[in-house]
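Throughout, protein chains are lettered first and strands after them, A, B, ... in sequence-line order, and every chain is numbered starting at 1. As a basis for the values below, the full set of heavy atoms in this structure was taken, side chains included, without hydrogen atoms, waters or symmetry mates.
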Number of protein chains: 2
Amino acid sequence: MGATKTDHFSEEQNKLANMMKALGHPARIAIMEYLIKVDTCICGDIVNELPLAQPTVSQHLKELKNAGLIKGSIEGTAICYCVDKEAIAMLQRYLANTTLQLETKEKSCC
Amino acid sequence: MGATKTDHFSEEQNKLANMMKALGHPARIAIMEYLIKVDTCICGDIVNELPLAQPTVSQHLKELKNAGLIKGSIEGTAICYCVDKEAIAMLQRYLANTTLQLETKEKSCC
DNA sequence: TCTATTAATCGTAATATTGCAATATAGTTA
DNA sequence: TAACTATATTGCAATATTACGATTAATAGA
């Protein structure tokens, strides 16, 4: 035990859960917000923005990348990270649809 | 180490991360989807819907409740769970705003 | 009261995450 | 080539999560 039983759930449920999980840490929320705030995506100063050590930040970036939320490419000596717009858009659509489904229901018994 | 450094991040970042974290598991995504699908919120059959044992489901429900994503109230012998519309709406607004910010930027260098 | 029924809690094992120091890697520049 | 800079990887300790069997608590009905 201890491992998530991913095989019992749908592809979409697992993908969504993975993205949500990646965003389920304040440091990673902060990283995303910073990447969005900064105009250019050439970012070599994410570490300076966060109250965490460099290896920790690097690990968080890796997780965001694995979840498909950011993209990174080598830019000389630094590495260029930026948000994957389509991934965010997908999340947004899912939640918008959920909200819509909820609004059409009048019953709210709790 | 091993514990998340919540105190270095903003209230909002932590709250968001908590919600996202709660949704960061396929079983909990499935629970939310089921609660939304079912017309009434009198739900005593969540366990039958999922490929997980009763204590496990109960624990997942507790986490969703702690994150403020669902509400529950005692309904005789069963317990009535339903989605907290405002919480979902909040998440939705956050992502809609994020998407908006991303759209206004032309540069997508990666 | 006895017995189902339903859901929470406890205890525990397996696994995952978080964070960092130390180190490695790779490109840049003197 | 050597020193410098930026990021990744490794290894490890502390803690959290996941899952479930066993048990408990609470209510409903015979």
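- Atom CG in B:Asp45 sits roughly 14 Å away from atom C1' in C:dT5 (whole-Å rounding).
- Computed from coordinates, the B:Ile31 CD1 to D:dT18 P distance equals 11 Å when rounded to whole Å.
- The side chain of B:Tyr81 contributes an N or O atom lying less than 4.0 Å from OP1 or OP2 of C:dA8.
- In this entry the distance linking CD of A:Glu49 with P of D:dT7 reads 13 Å, nearest Å.
- Looking only at side-chain heavy atoms (C-beta outward), A:Glu33 and B:Thr98 stay at 4.5 Å or farther from each other.
- No side-chain heavy atom of A:Leu69 sits less than 4.5 Å from a side-chain heavy atom of A:Glu63.
- Among A:Asn18, A:Ile29, A:Ile31, the one residue that satisfies the side-chain contact (heavy atoms from CB on, under 4.5 Å) test with A:Leu23 is A:Ile29.
- Put simply, CG on B:Leu16 and CD on B:Glu11 are 11.5 Å apart, with the number rounded to the nearest 0.5 Å.
- Residues B:Met19 and B:Met90 have side chains in contact (heavy-atom distance under 4.5 Å, counting atoms from C-beta outward).
- At least one donor-acceptor pair under 3.5 Å links the side chain of B:Asn14 to the backbone N or O of B:Thr6.
- Exactly one of B:Ile79, B:Leu61, B:Leu52 qualifies for a side-chain contact (heavy atoms from CB on, under 4.5 Å) with B:Ile46. That residue is B:Leu61.
- Contacts with DNA chain C (heavy atom under 4.0 Å) in residues 14-27 of chain A: A:Lys21, A:His25, listed by number.
- Rounded to whole angstrom, the span from the CZ atom of B:Phe9 across to the C1' atom of C:dG19 amounts to 11 Å.
- With contacts defined as side-chain heavy-atom distances shorter than 4.5 Å, the pair B:Lys85/A:Glu103 does not qualify.
- Taken residue by residue, residues 51-70 of chain A places heavy atoms nearer than 4.0 Å to DNA chain C at A:Leu52, A:Ala53, A:Pro55, A:Thr56, A:Gln59, A:His60, A:Glu63.
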